[in-house]
Novice: 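Below is one structure. I have some questions about it.
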There are 2 protein chains.
Amino acid sequence: MGKEEKTFIEFLRRTGQKVTRARCLVLEEVYRHHDHFDAEALYQRLEKRRAGVSRATVYRTLSLLDRSGLVRKMDLGEARSLYEHVLGHPHHDHLICVSCGRIFEFEHPGIEEIQNQICAQHGFEMHSHTQQIFGRCRDCRAGRSPAETS
Amino acid sequence: MGKEEKTFIEFLRRTGQKVTRARCLVLEEVYRHHDHFDAEALYQRLEKRRAGVSRATVYRTLSLLDRSGLVRKMDLGEARSLYEHVLGHPHHDHLICVSCGRIFEFEHPGIEEIQNQICAQHGFEMHSHTQQIFGRCRDCRAGRSPAETS
DNA sequence: TCGTATATTGCGACTCCCTGTCAATTTGAA
DNA sequence: TTCAAATTGACAGGGAGTCGCAATATACGA
Ligand SMILES: [Mn+2]
Ligand SMILES: [Mn+2]
Ligand SMILES: [Zn+2]
Ligand SMILES: [Zn+2]
């Protein structure tokens with residue numbers, strides 16, 4: 001049993017919720033890939049594997065995973081929310097190419113430090129933060145299609 | 001005629017669109033207040049003034065104002081998008097209190113500088129960026145209700 | 001292991017924020 | 001003033017996500 005299962009089960013127990021077949025299948029599928037995904041795509045992947053988990057349960061379980069700290073829900077201003085792993089993926093923020101849609105990750109300790117300063121100034125207790133930079137990626141600027149890059 | 005009207009008309013002309021009664025009324029109402037607002041609230045304000053502008057036109061005009069650079073559309077992960085002025089309001093980012101919902105603004109030159117560095121490293125051409133810090137504000141931490149402040 | 005209280009599930013209906021359609025109206029260039 | 005083209009209001013439609021509920025699964029204690 002992976003660390004994520006352990007964490008999830010511990011979270012469910014701690015909060016008086018049940019460890020169900022559907023929840024385990026969703027968690028398993030979430031951790032089969034390591035990219036940014038949306039709820040519908042995850043549901044489709046489960047369908048393909050004939051997991052027999054409903055769309056509603058996918059949404060409900062993603063919410064649990066978010067609250068348990070296993071995944072992070074991200075809202076990039078698009079219709080659908082995206083999700084990404086937290087466990088084993090250190091905190092980072094995103095560069096989003098408005099041309100090809102790809103998402104690049106970055107992290108910079110200086111930013112976190114400044115954020116702490118700002119919170120201190122405002123007497124603000126930070127729970128989470130997000131930072132997104134929208135623009136054109138190197139490939140798109142070069143007129144290259146993303147497919148040509150390996 | 002305020003600077004915002006001038007800018008808007010110039011934008012409309014430049015992009016081959018028409019300066020209409022409805023668009024002017026929406027712009028006027030947008031600039032009557034200087035806080036964060038959503039489309040529905042703006043529509044209600046117009047209704048109260050019997051402006052006779054439809055909800056659809058409010059949405060369509062907000063989109064134009066966003067594209068013209070007069071307002072900024074913000075997605076804070078809530079159902080509704082928020083909008084805020086750009087003209088006369090220097091760039092800033094937001095602290096959002098998850099307890100009372102109030103939004104506080106901050107700006108820090110160091111952050112912008114780091115963002116430029118990161119873009120340079122990735123060969124990324126930045127168009128815009130947003131940064132949100134979620135947490136609890138000073139008042140909420142002190143158990144004070146926001147109404148008591150002022 | 002079994003029985004039972006309680007949580008969860010799948011289903012589809014539903015909500016909510018917009019967005020698209022289209023006939024009627026307005027705009028502005030000539 | 002004329003008139004093609006853009007815009008508008010009304011409302012249907014879309015799409016992501018949520019809710020209610022009867023059927024089912026889970027877990028806890030006997
Ligand atoms: Mn990421
Ligand atoms: Mn602001
Ligand atoms: Zn790109
Ligand atoms: Zn607060």
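In what follows, chains are A, B, ... by sequence order, proteins preceding strands, each numbered from 1.
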Novice: Under 4.0 Å, counting only non-hydrogen atoms across every strand here, what does A:Ala56 touch: a base, just sugar-phosphate, or nothing?
Specialist: base
Novice: Does D:dA10 have its OP1 or OP2 closer than 4.0 Å to a side-chain nitrogen or oxygen of B:Ser54?
Specialist: no
Novice: Pairs in or reaching into residues 81-92 of chain A: which pass salt bridge (charged side-chain N to carboxylate O under 4.0 Å, His left out), with residues at least two apart or in two chains?
Specialist: A:Arg72-A:Glu84
Novice: For a 4.5 angstrom cut-off between non-hydrogen side-chain atoms, does A:Gln131 reach A:His108?
Specialist: no
Novice: Determine: side-chain N/O of B:Thr57 to OP1/OP2 of D:dT7, distance under 4.0 Å, yes or no.
Specialist: no
Novice: Does the side chain of A:Ile133 come within less than 4.5 Å of A:His94's, by heavy atoms?
Specialist: no
Novice: Starting at atom CZ of A:Arg60, determine the distance to atom C1' of D:dG20, rounded to an integer number of angstrom.
Specialist: 10 Å
Novice: With a 3.5 Å cut-off and no angle check, do the side chains of B:Gln44 and B:Glu40 form a donor-acceptor pair?
Specialist: yes
Novice: Rounded to whole Å, how long is the line connecting atom CD of A:Gln44 with atom P of D:dA16?
Specialist: 11 Å
Novice: Between B:Leu12 and A:Ala22, who's closer to the 5' end of DNA chain D by nearest nucleotide?
Specialist: B:Leu12
Novice: Counting any heavy atom closer than 4.0 Å, what does A:Arg55 reach on the DNA or RNA strands: base, sugar-phosphate only, or nothing?
Specialist: nothing
Novice: Measure from the side-chain heavy atoms of B:Thr20 and tell me the nearest of D:dG9, D:dT7, D:dA16.
Specialist: D:dT7
Novice: May I ask you to say what A:Gly52 touches in the nucleic acid, namely base, sugar-phosphate or nothing, with a heavy-atom cut-off under 4.0 Å?
Specialist: sugar-phosphate
Novice: Once you apply a heavy-atom cut-off of 4.0 Å, does B:Gln17 come out as touching a base, just sugar-phosphate, or nothing?
Specialist: sugar-phosphate
Novice: Are the side chains of A:Leu27 and A:Thr61 in contact, using a 4.5 Å heavy-atom criterion?
Specialist: no
Novice: Atom CD of A:Glu40 and atom C1' of D:dG15: how far apart are they, to the nearest Å?
Specialist: 10 Å
Novice: Both B:Arg13 and B:Ala79 contact DNA chain C. Which one's nearest nucleotide lies toward the 5' end?
Specialist: B:Ala79
Novice: How close or far is atom P of D:dG17 from atom CD of A:Glu78, stated in whole angstroms?
Specialist: 12 Å
Novice: Any N or O donor-acceptor pair under 3.5 Å from the base of D:dA25 to the side chain of A:Lys18?
Specialist: no
Novice: Could you say whether A:Leu64 or A:Tyr43 is positioned toward the 5' end of DNA chain C, judged by the nucleotide with the nearest heavy atom to each?
Specialist: A:Leu64
Novice: Atom CZ of B:Arg80 to atom P of D:dA16: distance rounded to whole Å?
Specialist: 20 Å
Novice: Which is the 5'-most and which the 3'-most nucleotide of DNA chain C that has an atom under 4.0 Å from a heavy atom of chain B?
Specialist: C:dC17 to C:dG28
Novice: Does the side chain of A:Ser81 get closer than 4.0 angstrom to OP1 or OP2 of D:dA16 through an N or O atom?
Specialist: no
Novice: Taking B:Glu29 as the fixed residue, which of B:Arg50, B:Arg45, B:Lys48 is the one that meets the salt bridge (charged side-chain N to carboxylate O under 4.0 Å, His left out) rule?
Specialist: B:Arg45
Novice: I'd like to know if A:Arg14 and A:Glu10 make a salt bridge, using a cut-off of under 4.0 Å between side-chain N and carboxylate O.
Specialist: yes
Novice: With distance as the sole test, does B:His89 use its side chain to make a donor-acceptor pair with the main-chain N or O of B:His85 at under 3.5 Å?
Specialist: no
Novice: Quick one: is D:dT7 close enough that its OP1 or OP2 comes under 4.0 Å of any side-chain N or O from B:Arg23?
Specialist: yes
